[in-house]
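Below: one structure, written as C-alpha cells.
Keep in mind that this is a model prediction, so the values were computed, not measured.
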Amino acid sequence: MKTNSLIKRFLPYYKPYVSTLVFDLFCACMTTGCELIFPLIVKEISARATGGSLTLNFILIAGAIYLALRLIDTAANYYMAAIGHIMGTKIETDMRRDLFSHLEKLSFSYYDNTKIGQIMSRITSDLFDVTEFAHHCPEEFLIAGIKIVASFIILCTFNVPLTLILFGLIPIMLVVLTFFNRRMKAGFRESRKTVGELNSQVEDSLLGMRVVKSFANENIEIEKFTEGNNKFLAVKSKVYHYMAGFQSSTRFFEGFMYIVIIVAGAIFLINGLIDVPVFVAYLLYVSTLLVSIRRIVEFAEQFQRGMTGIERFAEIVDTVPEIQDSPDAETLERVEGEITFKDASFAYGEDLSNVLTNINLHIKKGENVALVGPSGSGKTTVCNLIPRFYQLTEGQILVDNRDIRSVTLDSLRKNIGIVQQDVYLFSGSVRENIEYGLPGAKEEDIIEAAKLAGAHDFIMTLPNGYDTYVGERGVKLSGGQKQRISIARVFLKNPPILILDEATSSLDNESEQLVQESLEKLAKGRTTLTIAHRLTTVKSADRILVLTNEGIVEEGTHQELIAKNGLYASLYKI
C-alpha cells in the first residue's frame, strides 16, 4: 500500500484526541522556539563583546531570558514525553480494539486459510510501533519543518550565498537517504511476515506438545524452530545493513556539510563578507539544522516500522467478512424450529468439488433427526450451514420458512445450540465455561444445567467445585468431563434448535447413558440434529438420514432402515 493511503487510513484515529494533539504540537513549537532563540542570544553577546559594549546587566538579563526559556522547554518536553506517549498508546489501543472486533466478524473460511500466529503478530507486536509513530510523527515533522524553514530565513539574513551553499547540499543527501529508506520499508515488511511465521510455528509446536513428546520428536521441532529462527535472523540482518547504510550516509553528509560551511565561512570571514559574531551564530544554526535532519533520519526507521504496522493492520481490517448481515436483515424471533434445505450445494473454496450437491430436506418442528454415514460425506457440513458458519454455494436454507440470509446472524445463532465433536473450553473456571452458554445466568441455573448434562457430580469432586480452574483448553479435565461441561453450556442456553456433532463421542458407557437420557429430555419439543458414528445413540431418532458423497441415499426410522438391509443396515452391523 502507498504511504499516502496508509496515512489517510490512520488519521481518523487522532479524532478523539485532537485537543491533546494540538497542545502536544504547541509544546513542540515551544521547545523549537527555545532552541532557535539560543543562537541569537549568543550572537548578541558575541557582537557586544567584540564591540566593547558588553555589560554585566546585559549578561544577567540574557541569562535570565535563557533560564526562562529552558523552564518552558522542560515543561513542554514533559508534556510531550508523558501525555503525548499516552495519546499514542490510546490510539494503539483503539486500533487493537477495532482489529479484534473485525476478527470476530470474519468467517470460518478466513481462519481455515490464515495462521493464528500471523494474526497474533499483527494484533500485538505490529501495533506496538504504532504508539511511537502516532506520537512522534506529527511532532518530528512539525519540529523539523519549523527548524528548517526558520533556520533558512534567519541564515539568509546573515549571509545569502553561504545559506544557498548549505541548502544546496540537502537535496543530494535526501536522494541517497530515500534509496536506503525504501529498502528499509520492504525489509521491515518482510521482517513482520517472518515474525508471524515464527509465531505460528511456535504456537503449533507448543499446542501439540503432548504429540511431540509421545513420538519423542523434540529434536524435529527444535530443527523446525531453528530453521525459522535463522530465516528471521537473515531477514533482520538484511534490514540492519540497509539501516546502517542509511545512518552512515547521514553521518557522512552531516560531516561534509560542516566542513563545507566552515571552509566557505572562513573564506567569507577573510574577505570581510561576514563578521565573527554572525559566523559563530551561523555555526550554531547549522548545528541546529543538522540535528533536525538527523532526528528526521533517525525517525525514518520508526516511521517505516509504524507504516508497516498500519499496513498489516489495514490488510486484516480490509478483509470483507464472507458471511455478514444483509442491509435489510431482520431479527429472527419466536423460533419454532422448522428447517428446510432447497437444492442446497456447498464446496470449500472455488476450486474444490462440492461436498453437498442439490440437497433437499425438510425437518419438522420438534423433530429429532440423525445424520449418519461414512466420514467425509458432509454430515458436519450440513450442520455448519444452518447457523451460517459457511455460505451456501447454491440453493437455500430456511428456518420457519425464512431464508437464513434474510435474518441477522446474531438472532439466528442465539436460537441454535451446538455441541461439537472437538470440545473447546476457555481458560477459566468450570462455572465460567458453563455460563458462556448464557452470560449472566443465575447460580442455580448453572447448577441445574450441569445436572442435566451429568456433570454436577464430578464437578463437586473437583478441588474447588464450580470455581476449579480448568487450564488452557480444559487441559486439567478428562475428555469426557470436558464434553459434559460443553453439553451443560448448551443446556443452559436452552435453544429451540439443537445440533449435536458427536456429542457423546468422548464419554464412557455410564456417562453416555446418563447424558443420552438428558439429551432425550432436552430434545422434547425442540428440533434436534444429531451426527453420530456410534449408531446405537440414534436408534430412537424420529428419522435417520444416511449421507454419502452422492447425497441422502437412505431415509427412515431405525427399524425401517434395518428392514431395507441397505447401507445403514451394513453400518449398524459393523
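The number of heavy-atom neighbours closer than 6.0 Å to CZ of Phe26, taken from other residues, nucleotides and ligands shown, is 12 or below. For CD of Glu227, the number of neighbouring non-hydrogen atoms (other residues, nucleotides, ligands) closer than 6.0 Å is 12 at most. For Lys236, the NZ atom sits in a packed shell: over 12 heavy atoms of surrounding residues, nucleotides or ligands are nearer than 6.0 Å.
Side-chain contact between Met243 and Val239: present, with at least one pair of heavy atoms (C-beta onward) separated by less than 4.5 Å. Contact annotation: the side chain of Asn464 never approaches that of Arg431 to less than 4.5 Å [non-hydrogen atoms, C-beta and beyond]. Cys34 has its side chain out of reach of Tyr66: every pair of non-hydrogen atoms, C-beta onward, lies at least 4.5 Å apart. Counting heavy atoms from C-beta outward, Phe58 and Glu44 have side chains that approach closer than 4.5 Å. Using a 4.5 Å cut-off on side-chain heavy atoms (C-beta onward), Ile165 and Val260 make contact. The shortest distance between side-chain heavy atoms of Tyr110 and Ile316 falls below 4.5 Å. When side chains are defined from C-beta on, Val276 does not count as touching Ser46, because their heavy atoms never get closer than 4.5 Å. Looking at Leu283 and Ile262, their side chains come closer than 4.5 Å, going by heavy atoms from C-beta outward.
A donor-acceptor contact shorter than 3.5 Å is absent between the side chain of Thr31 and the backbone of Asn77. Under the 3.5 Å distance criterion, the side-chain polar atoms of Arg489 are left unmatched by any main-chain donor or acceptor of Gly437. Using modelled atom types, no side-chain atom of His102 and backbone atom of Pro321 make a donor-acceptor pair closer than 3.5 Å. Of the possible polar contacts, one joining the Asp325 side chain to the Leu409 backbone as a donor-acceptor pair under 3.5 Å is found. Looking only at distances, no side-chain donor or acceptor of Thr331 sits under 3.5 Å from a matching main-chain atom of Ser411. Ser248 places no side-chain N or O within donor-acceptor distance of the main-chain N or O of Gly245, the cut-off being under 3.5 Å.
Note: Leu164 CG to Asn159 CG = 9.0 Å, rounded to the nearest 0.5 Å. With rounding to the nearest 0.5 angstrom, the CD1 atom of Ile59 is 10.0 Å from the CZ atom of Arg48. Between atom CG of residue Leu6 and atom CZ of residue Phe313 there is a gap of 11.0 Å, rounded to the nearest 0.5 Å. Remark: Thr226 OG1 to Asn219 CG distance equals 10.0 Å, nearest 0.5 Å. Note that the CD1 atom of Ile37 and the CD1 atom of Ile65 stand 9.0 Å from one another [nearest 0.5 Å]. One finds the CZ atom of Arg183 at 15.0 Å from the NE2 atom of His241 (value rounded to the nearest 0.5 Å).
Across all their heavy atoms, Tyr390 and Ser109 have their closest contact at CE2-N, 4.0 Å. Contact record, Asp24 with Gly84: OD1-CA, 3.7 Å, taken as the closest heavy-atom pair. In terms of heavy-atom proximity, Glu139 sits nearest to Ala28 at CG-CB, 4.5 Å. When all heavy atoms of Gly265 and Leu162 are compared, the pair lying nearest together is N-CD1, 3.9 Å. For Leu25 against Leu142, the heavy-atom pair with the smallest separation is O-CD2, 3.5 Å. Smallest separation of non-hydrogen atoms from Ile404 and Arg388: CD1-CG, 3.3 Å.
Between Phe426 and Tyr436, the ring-plane angle classifies as tilted under the 30° and 60° cut-offs. Ring planes of His136 and His85: perpendicular class, angle over 60° (limits at 30 and 60°).
Arg312 and Glu315 are not joined by a salt bridge, as no carboxylate oxygen comes within less than 4.0 angstrom of a charged side-chain nitrogen. Between Lys414 and Asp410, at least one side-chain N (NZ, or NE/NH1/NH2) sits under 4.0 Å from a carboxylate O, which counts as a salt bridge. At a threshold of 4.0 Å, the pair Lys231-Glu197 does not count as salt-bridged, since none of the basic side-chain nitrogens sits closer than that to a carboxylate oxygen.
A search for ring pair (Phe, Tyr, Trp, His ring centres under 6.0 Å) contacts involving Tyr242 returns nothing, not counting sequence neighbours.
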field: Ile83 and Tyr78: CA distance, side-chain angles, deciding distance, side-chain contact (heavy atoms from CB on, under 4.5 Å) verdict
entry: CA-CA 8 Å; Ile83 308 303; Tyr78 178 85; 6.0 Å; no
message: Phe268 vs Val278, test: side-chain contact (heavy atoms from CB on, under 4.5 Å). Steps then yes/no.
response: CA-CA 11 Å; Phe268 282 26; Val278 171; over 6 Å; no
message: The test is side-chain contact (heavy atoms from CB on, under 4.5 Å); show your working for Val176 and Phe252 and say whether it passes.
response: CA-CA 11 Å; Val176 175; Phe252 169 78; over 6 Å; no
field: side-chain contact (heavy atoms from CB on, under 4.5 Å) evaluation trace for Phe133 with Met307
entry: CA-CA 8 Å; Phe133 172 84; Met307 283 289 99; 3.3 Å; yes
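Checked against the 6.0 Å centroid criterion, the rings of Phe10 and Tyr14 qualify as a close aromatic pair.
Counting only N and O atoms by type, the side chains of Tyr17 and Asp94 include a donor and acceptor under 3.5 Å apart.
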